[in-house]
Amino acid sequence: MTPFRFPDDLISLKRRQVRAYHQLALRPAVGAAELRRELIRLSCLISSHPYWAERGWSSAGRIELFRAAESGPDGVRGLVVRWNGEEFIVAEQEARPA
């Protein structure tokens with residue numbers, strides 16, 4: 001399998017998209033309309049990025065882009081969803097040990 005090498009601007013867009021999703025999940029009542037508009041805008045920018053025209057769009061590429069967005073010092077962490085017996089609780093993951 002060919003390794004994916006994403007341009008920095010594409011990784012940055014994906015990080016911004018993930019952070020916007022997290023904001024919406026953690027506080028759905030705060031600025032939801034603006035966040036949804038931003039998510040649509042970022043999705044369009046990611047989908048139409050010139051990288052995909054050269055390499056082609058694939059499920060594996062999308063997964064690797066997310067992994068690239070998680071890596072590095074500016075990487076985004078995933079959210080944790082837990083059921084407490086009455087409702088789902090969404091929280092940020094704890095920091096990884098250095």
Side-chain angles (χ1 to χ4, degrees):
M1 179 168 186
T2 306
F4 292 92
R5 292 199 174 106
F6 299 105
D8 291 340
D9 65 323
L10 182 56
I11 294 172
S12 176
L13 286 170
K14 186 61 179 180
R15 285 178 177 160
R16 287 171 44 200
Q17 182 189 43
V18 171
R19 286 183 180 115
Y21 271 117
H22 289 182
Q23 285 180 313
L24 189 58
L26 292 169
R27 295 185 313 263
V30 179
E34 292 83 8
L35 284 171
R36 287 188 183 104
R37 280 192 292 274
E38 180 67 0
L39 286 170
I40 291 169
R41 188 181 78 77
L42 290 167
S43 292
C44 291
L45 289 172
I46 291 168
S47 296
S48 64
H49 194 279
Y51 174 86
W52 302 116
E54 292 176 17
R55 297 290 301 253
W57 184 260
S58 68
S59 295
R62 290 185 296 173
I63 291 167
E64 290 304 317
L65 178 59
F66 184 80
R67 288 181 180 155
E70 287 182 315
S71 67
D74 295 333
V76 292
R77 292 187 308 234
L79 293 179
V80 176
V81 180
R82 293 191 177 106
W83 177 253
N84 70 2
E86 296 178 16
E87 62 184 348
F88 285 103
I89 306 297
V90 181
E92 292 186 52
Q93 279 185 357
E94 295 180 15
R96 298 179 192 135

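For reference, positions follow the sequence shown, starting with 1. Small disclaimer: the values here were computed from a predicted structure and weren't measured.
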Roughly how far apart are Glu54 CD and His49 NE2, rounded to 0.5 Å? 9.0 Å
Answer yes or no: is there a donor N or O on one side and an acceptor on the other, between the side chain of Trp52 and the main chain of Ile46, under 3.5 Å? yes
Applying a strict under-4.5 Å side-chain criterion to I, L, V, M, F, W and Y, I'd like to know whether Tyr21 and Leu45 cluster together. no
So if you build clusters from Ile, Leu, Val, Met, Phe, Trp, Tyr with side-chain heavy-atom gaps below 4.5 Å, do Val76 and Leu24 land together? no
dist Arg41:CZ -> Glu34:CD (nearest 0.5 Å) comes out at 13.5 Å
Hey, any chance Ile40 and Leu10 share a hydrophobic cluster, counting ILVMFWY side chains that come within less than 4.5 Å of each other, even indirectly? no
Which heavy atom of Phe6 sits nearest a heavy atom of Gly61, and at what distance? CZ-O, 3.4 Å
Ala60 and Phe4: which non-hydrogen atoms are nearest, and at how many Å? C-CZ, 4.0 Å
For Asp8, does the CG atom have more than 12 heavy-atom neighbours from other residues, nucleotides or ligands under 6.0 Å away? no
Assess the residue pair Arg15 and Ser12 against the criterion (side-chain hydrogen bond (donor to acceptor under 3.5 Å, both in side chains)); give the C-alpha distance rounded to whole Å, side-chain angles, the decisive distance to 0.1 Å, and a yes or no. CA-CA 5 Å; Arg15 285 178 177 160; Ser12 176; over 6 Å; no
Please walk me through it: do Lys14 and Ile11 pass side-chain contact (heavy atoms from CB on, under 4.5 Å)? CA-CA 5 Å; Lys14 186 61 179 180; Ile11 294 172; 5.7 Å; no
Between Arg62 and Trp57, what is the shortest heavy-atom contact and its length? CD-CZ2, 2.9 Å
Is Leu35 linked to Leu42 within one hydrophobic cluster, defined over Ile, Leu, Val, Met, Phe, Trp and Tyr using a side-chain heavy-atom separation of less than 4.5 Å? no
Results of ring pair (Phe, Tyr, Trp, His ring centres under 6.0 Å) for Phe66 - residues two or more places apart only: none
Under 3.5 Å: donor-acceptor pair, side chain of Ser47, backbone of Ser43: yes
Would you mind checking if Glu70 and Arg67 are paired as a salt bridge, meaning a charged N to carboxylate O distance below 4.0 Å? no
